[in-house]
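For reference, the structure is listed below as structure tokens.
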Amino acid sequence: MHSAITAHGVTFELPNGRTLFENLNFTLDVKLTALVGPNGIGKTTLAKLISGELSPSSGVIRKGKSVAFFHQRENPKEIAVQDYLSSRYVWSILGAKLLEDIDQTLLCSHLSGGQWMRVRLAAVMHEQFLILDEPSNDLDRDAKKILLNFLREYQHGILLISHDREFLNICNDVLELSNRGIEKCGNGFEIYERQKAWERENSRIDLGRAKRERDRAKADRVLQVERQGKRNRQGKEAGVKTGMSKILIGARKRHAQTTTGKIDSSTMERANDRVKAAAEAFNEIKIDPVMYTDLMASEIPKQKLVAEAQDFNVQFGDKWLYKNDLNFSWRGSIRLAIKGANGSGKSTLVKALLGECFKTKGKLKSGKQPVLYLDQRCAILDDSKSVFENARNVTAMSERDVRNNLAKLLFFGDSVFQEVRSLSGGERLRAALARGLLSKKKPELIIFDEPTNNLDLFNIRFLEGLIADYKGAVVIISHDELFLNKCGVNQIFYV
């Protein structure tokens, strides 16, 4: 198959002099390829190098056809949709489907996040190699289906940067960017996942074996030292009995001490080196960061109120937001997903529950439990302060305990003093979790608004496990069906 893009010896240095990656060699064919890797590894930077927005510090990227880069974020324009599309859009059946039900006389800035994403997607669907950076973020279920169909049918090559497993599962190839470089798996995402699991398991087994060998060597050395000590004592006693001079006895003692110190030290050194090498290999395989913290709140009594609504609605201009007035009663440790099309008012309902003022009718009541709300921007964070300050300002813990708990959320050493405004999306979520979970009152209700938009695959799975084990109430706004299932969501509320 013809290669659309070929890279040789690509290295990129950041302005501060740090090398982000070096000597990358890869090819991209005219098919659907996934680019995966943990947050912060450089996937978007690599996409910009391929598209030509950035130039490599060294190496070369050759392109057999034009390349268009679909950015993860673009601020909506203060112009009508039809004007935005006029110089960009080339009509196609798929493009027409994306634009279906969107009033093109509206300003782009008045569109919902998903609607704006659909307009932007329609604008880049030309006959060229596409790089799509998290295109499924903010899309509702219908728009996701349209995008999935497009990915399957597009014939000009796509590099897809995504953490959405539904999209990754349809990719032909997987290109993995890691701290070990770049590697291609040409058998699809499912085979890639199996391969990575096999590598991790074998590396874990090898590390365990090396540790056992070190422990055996240590035990053998202790035994030998004890035996040599016994021989030393016996030699000293024999010297005293035979009237040996103090000078000779002292020389024997020094020799015995030297012998004891050298006992099988080379074996211990080899065993320690073996453990070190195995640990480094395991850490290289396990490149994905792991979020860890104690999310265990007490279970909420079954009849304790979380939230309820009676004939509730929100007015925008001269219209009511919800087609039908909302009626619900949520109690106890619920696991609930709020669903609806883009612009249907999911986030508005959550904001109203949290006390934000709107012009409303009917009744809306919230429970008295402590709440941790994590919106898509993690707005509870103070961008001007460091990760440490954000957590320290809301907790009664000592500085040492704050640092220890931040380490559990992967903020090690001086990284705790990094300003929040400079964090990546995944780092922001971890910082927001730290601020909420280290606060004086543990949350009994956690509300997530599209949490998987900013997480890499490993942390998505880890967050799924944490939410599944969490004893309090959980409300999630998400279009990621697999994520919701893994979190144990068993109630759905449609708006």
Side-chain angles (χ1 to χ4, degrees), residues 39 288-300 304 306-307 332-336 350 353-355 366-383 385-413 415-421 423-456 458-478 483 486-489:
N39 291 129
D288 304 292
V290 180
M291 291 190 309
Y292 175 79
T293 191
D294 178 12
L295 276 175
M296 299 302 172
S298 300
E299 188 168 354
I300 300 176
K304 184 175 181 179
V306 173
S333 293
I334 57 170
R335 311 191 93 61
L336 180 138
V350 167
L353 286 169
L354 294 171
S366 299
K368 304 292 187 183
Q369 59 275 98
V371 180
L372 173 57
Y373 171 52
L374 298 177
D375 64 359
Q376 294 182 49
R377 285 206 68 260
C378 298
I380 66 168
L381 295 170
D382 185 337
D383 282 1
K385 297 186 183 301
S386 68
V387 175
F388 174 79
E389 289 171 323
N390 268 275
R392 186 70 181 90
N393 291 346
V394 297
T395 186
M397 294 181 181
S398 67
E399 178 175 336
R400 180 179 178 180
D401 286 341
V402 172
R403 293 286 297 271
N404 287 339
N405 280 285
L406 286 174
K408 294 177 182 178
L409 282 155
L410 305 183
F411 293 108
F412 303 108
S415 69
V416 302
F417 302 117
Q418 189 175 355
E419 281 194 356
V420 165
R421 63 164 57 94
L423 300 179
S424 68
E427 289 168 334
R428 285 186 69 87
L429 181 65
R430 287 190 273 115
L433 279 169
R435 180 183 171 93
L437 298 170
L438 301 184
S439 62
K440 295 174 185 177
K441 290 186 177 180
K442 277 187 178 283
E444 295 179 6
L445 166 64
I446 303 181
I447 302 175
F448 294 95
D449 192 344
E450 296 290 356
T452 59
N453 281 359
N454 297 316
L455 290 185
D456 57 30
F458 195 89
N459 275 328
I460 288 174
R461 293 193 183 92
F462 205 89
L463 186 58
E464 288 167 350
L466 289 175
I467 294 175
D469 290 338
Y470 179 64
K471 302 303 180 186
V474 178
V475 174
I476 306 173
I477 299 173
S478 178
F483 175 75
K486 296 286 186 179
C487 289
V489 166

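Counting only residues at least two apart or in different chains, salt bridge (Lys or Arg N to Asp or Glu O under 4.0 Å) contacts with residues 371-383 comprise R377-D383, D383-R428.
Heavy atoms only, all atoms of each residue included: P443 and G436 are closest at CD-O, 3.9 Å. G413 and R403 make their closest contact through O-NH2, 3.3 Å (heavy atoms, listed as atom of the first residue, atom of the second, distance). For the pair N390 and I380, the tightest heavy-atom approach, listed with the atom from each and the gap, is OD1-O, 4.4 Å. Nearest heavy-atom pair across E444 and Y470 is C-OH, 3.2 Å. Nearest approach of K471 to S333, heavy atoms of both residues: O-OG, 2.8 Å. Among all heavy-atom pairs drawn from L374 and A432, the shortest one is CD2-CB, 3.5 Å.
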| message | Let's go through V475 and L353 carefully: what are the C-alpha distance in whole Å and the side-chain angles of both, what is the deciding distance for side chain to side chain contact (heavy atoms under 4.5 Å, CB included) to 0.1 Å, and is it a yes or a no? | response | CA-CA 12 Å; V475 174; L353 286 169; over 6 Å; no
| field | From CA spacing to verdict: side chain to side chain contact (heavy atoms under 4.5 Å, CB included), V350, D449 | value | CA-CA 9 Å; V350 167; D449 192 344; over 6 Å; no
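E419 contributes atom CD, which lies 8.0 Å from atom CD of E389 (distance to the nearest 0.5 angstrom). In this structure, the separation between CG on N393 and CZ on R435 is 7.0 Å, given to the nearest 0.5 Å. The CG atom of N405 sits 13.0 Å away from atom CZ of F411, with the distance rounded to the nearest 0.5 Å. Of the inter-residue distances, the one linking T395 atom OG1 with L438 atom CG reads 5.5 Å to the nearest 0.5 angstrom. For the atom pair CD (E427) and CG (L409), the distance works out to 12.0 Å, reported to the nearest 0.5 Å. L406 CG to D401 CG: the interatomic distance, rounded to the nearest 0.5 Å, is 11.0 Å.
Remark: side-chain polar atoms of S439 are not paired, donor with acceptor, to backbone N or O of V394 under 3.5 angstrom. For the pair S366 (side chain) and A307 (backbone), a donor-acceptor distance under 3.5 Å is absent.
With F483 as the fixed residue, the side chain to side chain contact (heavy atoms under 4.5 Å, CB included) test singles out one of L455, I476, V489: I476.
The side-chain heavy atoms of V306 and L336, taken from C-beta on, include no pair separated by under 4.5 Å. No side-chain heavy atom of C487 sits under 4.5 Å from any side-chain heavy atom of V474. Taking the side chain as every heavy atom from C-beta outward, V402 and V416 never approach each other to under 4.5 Å.
The local environment of NZ in K486 is sparse, with at most 12 non-hydrogen atoms from other residues, nucleotides or ligands closer than 6.0 Å.
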